[in-house]
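The chains referred to below are lettered A, B, ... by the order of the sequence lines, with proteins before strands, and numbering in each begins at 1. Computed from a prediction, not measured in an experiment: that's the story for all the values here.
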Amino acid sequence: MKARVHITLKSGVLDPQGRAIAHALGTLGFGGVNDVRQGKYIEIDLNERDKAKAKQQVDQMCAKLLANTVIENYAIDLVD
Amino acid sequence: MKAAIVVFPGSNRERDAEAALTQAMGKKPLMVWHRDTELPDVDLVLVPGGFSYGDYLRCGAIAAHSPILREVKARADKGMAVIGVCNGFQIITEAGLLPGVLLRNASLKFVCKNVRLKVETSQSLFTSQYEQGQVLSIPVAHHDGNYFADERTLDELEANGQVAFRYCSPDGEFGDEHNPNGSARYIAGIFNRTKNVLGLMPHPENAIEPLQGSTDGIPLFKSMVEALS
């Protein structure tokens with residue numbers, strides 16, 4: 001089973017990289033970009049076949065290491 | 001005082017820290033490799049600057065979960081003194097020894113220069129040899145030094161006297177133009193609640209010889225030796 005984890009900055013946390021990307025998009029002529037927030041995408045290949053157990057396992061991985069919950073949110077997506 | 005420096009793959013200021021501690025203690029500190037699971041019996045652990053594990057995932061995150069750091073955290077919880085400088089600050093913050101997090105500099109640029117710091121308190125084992133309000137000249141060298149915590153945490157830090165140093169002008173004034181990285185409330189260094197842990201972005205170990213342009217880092221190391229000997 002594969003876990004797809006999206007890690008995003010919480011709202012209210014300054015994202016200077018996102019801001020720089022938004023600025024660059026404007027420079028390239030892409031109008032109408034209100035805001036850009038940059039995050040991370042992590043794919044994890046798991047032995048676990050049980051979806052509930054896999055979810056629990058990845059949830060702990062996120063809380064312990066993959067995300068810093070002071071500034072980041074995470075979302076887990078499991079695919080067979 | 002017995003001291004140890006924890007060395008990770010990618011640490012790069014451990015020799016500078018060794019020189020500063022040797023100067024203050026009159027003997028060399030122990031160097032502990034990150035794979036060691038046994039922490040020697042010491043009074044102080046210094047976590048040095050650098051780019052531990054290439055700053056992969058988030059700066060300090062991988063080192064924060066290494067076996068040796070678990071041991072450092074366990075001893076710190078029992079009162080042992082710990083100081084984290086630059087990447088060391090990021091590591092001990094990721095490890096939960098200090099609140100908040102160090103974000104990418106607001107300018108997105110790596111900042112390497114001398115900055116001025118105001119000593120917020122002399123009431124700690126790290127700052128007793130300074131005067132409260134004293135302005136220091138100490139270098140910074142980092143890409144991710146933008147201290148962030150939610151407003152409630154920042155208020156708590158201030159109320160408990162946990163702010164150790166703030167960025168300021170040569171006259172000791174605060175302002176965005178004197179803040180090299182965008183840190184919340186100009187914070188350059190903080191203590192934990194019990195003040196046996198200090199994390200700071202600037203490098204006091206690089207201000208110990210006149211040749212380096214400043215010797216303002218010396219009292220920090222002398223404070224620790226005095227308190228822990």
### Minimum heavy-atom distance between A/V70 and B/F148, given as atom pair plus value
O-CE2, 4.5 Å
### Query
Is it the case that more than 12 heavy atoms not belonging to A/R19 sit under 6.0 Å from its CZ atom?
no
### Task
Please indicate whether B/E177 has more than 12 foreign heavy atoms, meaning atoms of other residues, nucleotides or ligands, lying under 6.0 Å from its CD.
yes
### Message
Check this for me: B/F110, atom CZ, are more than 12 non-hydrogen atoms of other residues, nucleotides or ligands nearer than 6.0 Å?
### Response
yes
### Message
For the CZ atom on A/F30, are there more than 12 heavy atoms of other groups (residues, nucleotides or ligands in this structure) within a distance under 6.0 Å?
### Response
no
### Message
Taking side chain as everything from C-beta outward and backbone as N, CA, C, O, which of these in B/N105 sits under 4.5 Å from a heavy atom of chain A? Side chain, backbone, both or neither.
### Response
backbone
### Message
Need one label for A/Q17: side chain, backbone, both or neither, based on atoms under 4.5 Å from any heavy atom in chain B.
### Response
both
### Task
Could you look at A/K10 and say if it's the side chain, the backbone, both or neither that has a heavy atom under 4.5 Å from chain B?
neither
### Query
Are more than 12 heavy atoms from other residues, nucleotides or ligands located less than 6.0 Å from atom CD of A/Q56?
no
### Message
More than 12 heavy atoms of other residues, nucleotides or ligands under 6.0 Å from NZ of A/K55: yes or no?
### Response
no
### Task
Might you confirm whether atom NE2 of A/H23 has over 12 heavy atoms from other residues, nucleotides or ligands at distances under 6.0 Å?
no
### Message
Below 4.5 Å, heavy-atom pairs only: which of A/L66, A/I7, A/D15 has the largest tally toward chain B?
### Response
A/L66
### Query
Only one of A/N68, A/V13, A/T69 forms a side chain to side chain contact (heavy atoms under 4.5 Å, CB included) with B/V101, so which one is it?
A/N68
### Message
At a 4.5 Å cut-off on heavy atoms, which part of A/I42 comes close to chain B: side chain, backbone, both, or neither?
### Response
side chain
### Task
Could you look at A/L65 and say if it's the side chain, the backbone, both or neither that has a heavy atom under 4.5 Å from chain B?
both
### Task
Hey, could you give me the CG/CD1 distance between B/L102 and A/I71, rounded to the nearest 0.5 Å?
9.5 Å
## Note on the structure
Heavy atoms of A/P16 and B/A106 approach each other most closely as CB-O, 3.8 Å
#### Entry: Interchain contact, B/L57 with chain A, by part (heavy-atom threshold 4.5 Å)
both
### Task
Could you tell me whether B/E156 atom CD has more than 12 heavy atoms of other residues or ligands within 6.0 Å of it?
yes
